[in-house]
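Just so it is clear, the model here is predicted, and its values are computed rather than measured. Chain A is the first sequence line, chain B the second, and so forth, proteins listed ahead of strands; every chain is numbered from 1.
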2 protein chains.
Amino acid sequence: MNKKDKKYLENYSIHDFDIPLTSVDMVIFAMINAKLNVLLVERVEAPQQGMLALPGGFIDLQKDEDITATAYRKLYEKTAIKSPYLEQVETIGNKSRDIRGWSVTVLYYALINVDKIKQQKSQNSVWMPVEQALKIPLAFDHIELIEKAQNRLREKTLYTALPVELMPELFTLTELQTVFETILAKKLPIKSFRRRILNANILHATDKSKLSGKRHAQLFKSTGIDREYYFPRTLVL
Amino acid sequence: MNKKDKKYLENYSIHDFDIPLTSVDMVIFAMINAKLNVLLVERVEAPQQGMLALPGGFIDLQKDEDITATAYRKLYEKTAIKSPYLEQVETIGNKSRDIRGWSVTVLYYALINVDKIKQQKSQNSVWMPVEQALKIPLAFDHIELIEKAQNRLREKTLYTALPVELMPELFTLTELQTVFETILAKKLPIKSFRRRILNANILHATDKSKLSGKRHAQLFKSTGIDREYYFPRTLVL
DNA sequence: GTAATAGTGTCTTTGAGACACTATCCC
DNA sequence: GGGATAGTGTCTCAAAGACACTATTAC
């Protein structure tokens with residue numbers, strides 16, 4: 001820091017500026033009962049007290065190193081999960097979204113392995129199918145935020161293997177396909193799907209199998225690299 | 001607004017919270033002399049007075065309806081251009097990027113038609129090749145911000161026709177290809193490129209042509225729909 | 001004519017989609 | 001054997017890449 005900056009800082013106060021309220025909101029997805037679910041919490045304080053809302057809140061200027069840390073902290077507070085897939089979607093800011101005035105929120109979404117949601121320490125939080133969440137009144141503009149996160153997930157499902165992040169430790173290709181189909185709201189051809197996934201080399205075949213009615217299905221597990229994998233071609237909706 | 005919220009607001013002050021400084025930064029790209037250039041401005045006030053920086057600044061809580069409006073306003077102030085291609089890249093926030101303390105910036109990039117940059121009212125602003133801008137010291141973390149915007153542009157150039165936004169009113173396919181190649185830092189096969197662009201149906205062939213040395217080249221113009229167009233396949237770097 | 005730039009013909013390759021087919025299991 | 005679920009064989013099609021080729025102009 002140079003001398004001029006030092007001098008400037010001595011006379012600086014953040015309260016000299018009119019600044020907006022800045023927060024982080026999280027859309028946390030998990031597959032429950034073959035449906036894409038989102039985690040909602042009941043607001044315990046005004047404004048919008050009592051309404052369901054996305055988990056989120058303000059940056060802790062002492063504890064949080066950066067804004068991603070804020071997102072991870074919020075996620076951990078609600079789910080006790082440390083390192084899920086987390087991605088920033090978009091930042092929304094305007095005059096009208098919060099009654100307190102000009103407000104900015106940095107929107108993230110996370111994909112949670114369904115195995116882990118049982119260990120959650122949720123008190124006043126509730127999992128709800130996305131479909132349903134979009135129909136009930138939510139606090140602020142949170143309906144819109146869920147739609148934005150869902151659209152991002154949908155788009156990325158067309159050319160990445162991200163939905164693997166929603167799977168339990170072991171899963172069959174048919175189960176994985178069902179998750180893809182749920183996100184895309186569209187049936188996919190079996191043969192193409194298997195070829196696509198298997199050629200990608202992002203799964204590890206196990207010698208275990210699962211019986212879900214009739215013929216045994218082979219169980220696979222994630223190698224963890226699905227986060228970086230891009231299919232050579234995009235599916236078309 | 002309900003009664004509880006009204007009461008809450010009466011006792012509310014934004015200064016009750018420790019909040020970060022939130023700003024908007026712009027990476028404005030244009031093609032100049034066959035190079036990708038970025039617009040920089042000299043900082044006239046502390047902190048970092050005298051250094052080159054990205055155009056940007058704070059949200060005007062009175063004037064700006066939403067954060068996109070802030071981005072357009074900043075852009076207009078520096079270039080007098082009203083509606084270029086504008087896209088939000090990412091929001092960066094941490095303790096260390098600004099000496100004033102915890103600071104958040106919403107990063108946008110814009111693509112400017114080279115025809116229009118002559119009408120600019122820039123006083124203390126300067127166009128500089130991206131290459132060069134990344135090598136000199138810039139204010140705050142602006143080197144990193146330019147890299148993020150450049151990466152986004154590069155990625156999108158692999159599967160969209162966005163570079164058309166950088167072209168003048170009339171241009172040849174060879175010129176367009178050169179712009180793609182500059183952004184990607186990679187030669188592209190002529191035949192594939194032309195087929196790809198022409199099949200996309202995003203350009204309008206004119207009956208004019210241009211002589212740049214030897215054989216005349218046909219001139220095309222944008223239909224404006226390149227912003228929404230996605231090629232059926234992604235190029236591989 | 002030659003050099004230089006613009007533009008085409010056409011073969012190969014890759015991976016998605018269609019769809020009929022086979023395999024394995026329980027009853 | 002029948003029904004249900006898992007999984008394969010193989011053809012077609014679209015678009016990218018390779019590369020040799022032709023076209024048009026200035027000189």
Side-chain angles (χ1 to χ4, degrees), chain A residues 34 155-161 163 167 170-181 183-221 226 229-237, chain B residues 34 155-161 163 167 170-182 184 186-221 229-237:
Chain A
E155 272 166 34
K156 289 205 116 176
T157 299
L158 293 172
Y159 59 92
T160 71
M167 303 307 287
L170 293 173
F171 54 90
T172 70
L173 290 184
T174 304
E175 286 165 350
L176 181 60
Q177 180 169 351
T178 307
V179 172
F180 270 74
E181 291 174 343
I183 294 169
L184 297 174
K186 190 199 181 213
K187 280 274 171 200
L188 298 173
I190 304 174
K191 178 66 188 186
S192 291
F193 182 79
R194 304 176 75 88
R195 196 173 37 202
R196 198 168 151 95
I197 296 292
L198 262 13
N199 284 345
N201 251 318
I202 51 171
L203 298 185
H204 202 277
T206 70
D207 53 3
K208 291 178 198 125
S209 66
K210 180 177 180 174
L211 194 73
S212 57
K214 307 296 163 176
R215 176 174 173 181
H216 289 273
Q218 189 172 17
L219 285 165
F220 290 80
K221 72 161 103 171
D226 56 281
Y229 187 77
Y230 285 72
F231 290 109
R233 301 200 197 162
T234 300
L235 298 174
V236 259
L237 272 188
Chain B
E155 272 166 35
K156 289 204 116 176
T157 299
L158 293 172
Y159 60 92
T160 71
M167 303 307 286
L170 293 174
F171 54 90
T172 70
L173 290 184
T174 304
E175 287 165 350
L176 182 60
Q177 181 169 351
T178 308
V179 173
F180 270 74
E181 291 174 342
T182 304
L184 297 174
K186 190 199 180 213
K187 281 274 170 199
L188 297 174
I190 304 173
K191 178 66 189 189
S192 290
F193 181 80
R194 303 177 75 88
R195 198 173 33 201
R196 198 169 151 96
I197 296 291
L198 261 13
N199 284 345
N201 252 317
I202 52 171
L203 298 184
H204 202 274
T206 70
D207 53 3
K208 292 178 197 125
S209 66
K210 179 178 183 175
L211 194 73
S212 57
K214 308 294 165 177
R215 177 174 173 182
H216 289 274
Q218 189 172 17
L219 286 165
F220 291 79
K221 73 161 102 172
Y229 187 77
Y230 286 71
F231 291 109
R233 301 200 197 163
T234 300
L235 298 174
V236 259
L237 272 189

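- Note: CG (B:Leu219) to C1' (C:dG7) measures 15 Å, nearest angstrom.
- Per the geometry, CG belonging to A:Leu198 stands 12 Å off C1' belonging to D:dT8, to the nearest Å.
- Shown for residues 229-237 of chain B: residues whose heavy atoms fall under 4.0 angstrom of DNA chain D, namely B:Pro232, B:Arg233, B:Leu235.
- The nearest pair of heavy atoms linking A:Arg196 to A:Tyr159 is NH2-CA, 4.0 Å.
- Across the protein-nucleic acid pair, A:Ile190 atom CD1 and D:dA4 atom C1' stand 12 Å apart, rounded to whole Å.
- Interatomic distance, CD of A:Gln177 versus NZ of A:Lys187, reported as 7.5 Å (0.5 Å rounding).
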* Asked: What string of B, S and - do you get for nucleotides 18-27 of chain C, 5' to 3', when a contact is any protein heavy atom under 4.0 Å?
  -> BB---BBB--

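- Here the closest heavy-atom approach between residue A:Val236 and residue A:Lys186 is recorded as O-NZ, 3.2 Å.
- Looking at every heavy atom in both residues, A:Ile202 comes nearest to A:Ala161 through CD1-CB, 3.2 Å.
- To the nearest 0.5 angstrom, B:Lys210 atom NZ is 12.5 Å from B:His216 atom NE2.
- Between B:Lys210 atom NZ and C:dA4 atom P there is a gap of 20 Å when expressed in whole angstrom units.
- Residue B:Arg196 places none of its side-chain N or O atoms closer than 4.0 Å to OP1 or OP2 of D:dA15.
- Put simply, CZ on A:Phe193 is 14 Å from C1' on D:dG7, counting in whole angstrom units.
- Atom NZ in A:Lys187 sits roughly 18 Å away from atom C1' in C:dA16 (whole-Å rounding).
- The distance between atom CG of A:Asn199 and atom P of D:dT8, rounded to the nearest whole Å, is 12 Å.
- Between A:Leu158 and A:Leu184, the shortest heavy-atom contact is CD2-CD2, 3.7 Å.
- The distance from the CG atom of A:Leu235 to the CZ atom of A:Phe193 is 9.0 Å, given to the nearest 0.5 Å.
- Within 6.0 Å of the NZ atom in A:Lys156, the count of heavy atoms belonging to other residues, nucleotides or ligands exceeds 12.
- Look at CD on B:Gln177: it is 11 Å from C1' on C:dG7, rounded to the nearest Å.
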